[in-house]
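Here the structure comes first, spelled out in structure tokens, and everything after it is commentary.
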Amino acid sequence: MSDAKIEEAKAALRAAAHKKRAAFHPSLRNDAAKAAAAHFFEGVALDKGEVVAGYWPIRDEMDVKSVVARLMDAGQPVCLPVVLGDEQPLELRIWEDGAPLYEAGFGTLAPPEEAPRAEPDVIIMPLLGFDKHGTRLGYGGGYYDRTLATLKKRPRLIGFAFALQEMDLIPREAHDVPLDAIVTEHGVRNFEKKAPVT
Ligand SMILES: Nc1nc2c(c(=O)[nH]1)N(C=O)[C@@H](CNc1ccc(C(=O)N[C@@H](CCC(=O)O)C(=O)O)cc1)CN2
Ligand SMILES: Nc1ncnc2c1ncn2[C@@H]1O[C@H](COP(=O)(O)OP(=O)(O)OP(=O)(O)O)[C@@H](O)[C@H]1O
């Protein structure tokens, strides 16, 4: 499939994924997020000092605020992403304990401009959908992939999602960096390294 065709297919998948994620019942969301957080801390080993990029949840994304808070309490350095502009990589700003967060666009909150920057060792990724190969479907801005292309070292990529966000097959473009693992309310699933055929 050409990249143009893949983009077309992804647009249709995004529409379906938005609907599906929004349909997950509000009364179940909290418990699912709690279960996923527990699976993360049981199943994902972090070395002391490893920088973890979290996200400030928006729309119907799985809420990872408790994960971020627990990481910070444990002394793990945590950063949050900021969109500087279209076609630009994300800026990852360290959230220092007690520092206020500011509106950073799209409904997200992030540390202030003067916060230190960091290259993450682990990225907790928001997503619209994922498939069994670890391909991730985002909102289509390409921000995470563009950011990964600028980093010296490829971080471990850990998606957080509700189990119902799994899709049959998400076509993968050359720039799409697959997830290493997905955390849902059902547990942590690690993906094989080998690239699938799209
Ligand atoms: N929680 C969270 N933080 C994040 C991301 C994310 O996906 N989730 N991002 C990951 O890149 C960056 C923000 N990028 C975003 C890009 C698009 C939309 C969004 O809601 N898009 C709408 C259309 C918006 C419009 O046209 O006004 C959509 O998809 O329907 C949100 C965040 C950085 N921070
Ligand atoms: N490494 C990159 N360098 C330049 N452009 C890129 C790169 N990665 C992605 N893009 C651009 O971003 C567009 C959207 O990419 P993609 O469909 O993978 O977004 P997404 O992963 O769904 O979004 P997001 O990462 O913001 O959640 C692509 O069509 C491409 O033009």
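Numbering starts at 1 and runs along the sequence shown. Just so you know, ligand 1 is whichever comes first in the structure, and atom 1 is the first atom listed for that ligand. Remember, it's a predicted structure, so these values are computed and weren't measured experimentally.
Counting the atoms of ligand 2 from 1 in the order shown, those under 4.0 Å from a heavy atom of Y144 are 25 (O). Near K10, meaning under 4.0 Å from one of its heavy atoms, ligand 2 places the atoms 16 (P), 17 (O), 18 (O). Those atoms of ligand 2 that come under 4.0 Å of a heavy atom in A149, given as number and element, are 1 (N). Heavy-atom contacts of Y139 reach the following atoms of ligand 2: 22 (O), 23 (O), 27 (O) (cutoff under 4.0 Å).
Of the protein's non-hydrogen atoms, the one nearest atom 18 (O) of ligand 2 is D176 OD1, 2.9 Å. Protein heavy atom closest to atom 29 (O) of ligand 2, with residue, atom name and distance, is E7 OE2, 3.4 Å. R146 CG, 3.7 Å is the protein heavy atom nearest to atom 3 (N) of ligand 2. Protein heavy atom closest to atom 20 (P) of ligand 2, with residue, atom name and distance, is G140 N, 3.6 Å.
Between T184 and F162, the closest side-chain pair of non-hydrogen atoms is not below 4.5 Å. The shortest side-chain heavy-atom distance between S66 and K34 does not fall under the 4.5 Å cut-off. The shortest distance between side-chain heavy atoms of R146 and Y144 does not fall below 4.5 Å. K48 has its side chain out of reach of Q76: every pair of non-hydrogen atoms, C-beta onward, lies at least 4.5 Å apart.
Proximity of atom 26 (O) of ligand 2 to the protein is indicated by at least one non-hydrogen atom lying closer than 4.0 angstrom.
Separating the CG atom in L13 from the NZ atom in K20 is a distance of 11.0 Å, to the nearest 0.5 Å.
Both cation-pi conditions hold for R70 and F41: the charged atom is under 6.0 angstrom from the six-membered ring centre and inside a 45 degree cone around its axis.
Checked against the 6.0 Å centroid threshold, F160 and F40 count as a close aromatic pair. Ring centroid separation for the pair H18 and Y139 comes in under the 6.0 Å cut-off.
No single ILVMFWY cluster, assembled from side-chain heavy atoms under 4.5 Å apart, contains both Y55 and V82.
If you look at ligand 1, the protein residues with a non-hydrogen atom under 4.0 Å away are H18, Y55, W56, P57, I58, R59, E61, P81, V83, L90, F106, T108, P126, Y139, Y143, Y144.
R117 has a carboxylate O that lies under 4.0 Å from a charged side-chain N of E91, or vice versa, which qualifies the two as a salt bridge. Salt bridge D131/R136: absent, no basic N to carboxylate O contact under 4.0 Å.
Scanning H175, Q88, E87, R14 for the heavy atom closest to atom 28 (C) of ligand 2 points to H175.
With respect to L80, the side-chain contact (heavy atoms from CB on, under 4.5 Å) criterion is satisfied by exactly one of L109, L101, L92: L101.
Ligand 2 is approached by R136 to a heavy-atom distance shorter than 4.0 Å.
No part of L148 comes within 4.0 Å of ligand 2, judged by heavy-atom distances.
Of the polar atoms of G142, at least one N or O is found under 3.5 Å from an N or O of ligand 2, judged by distance alone.
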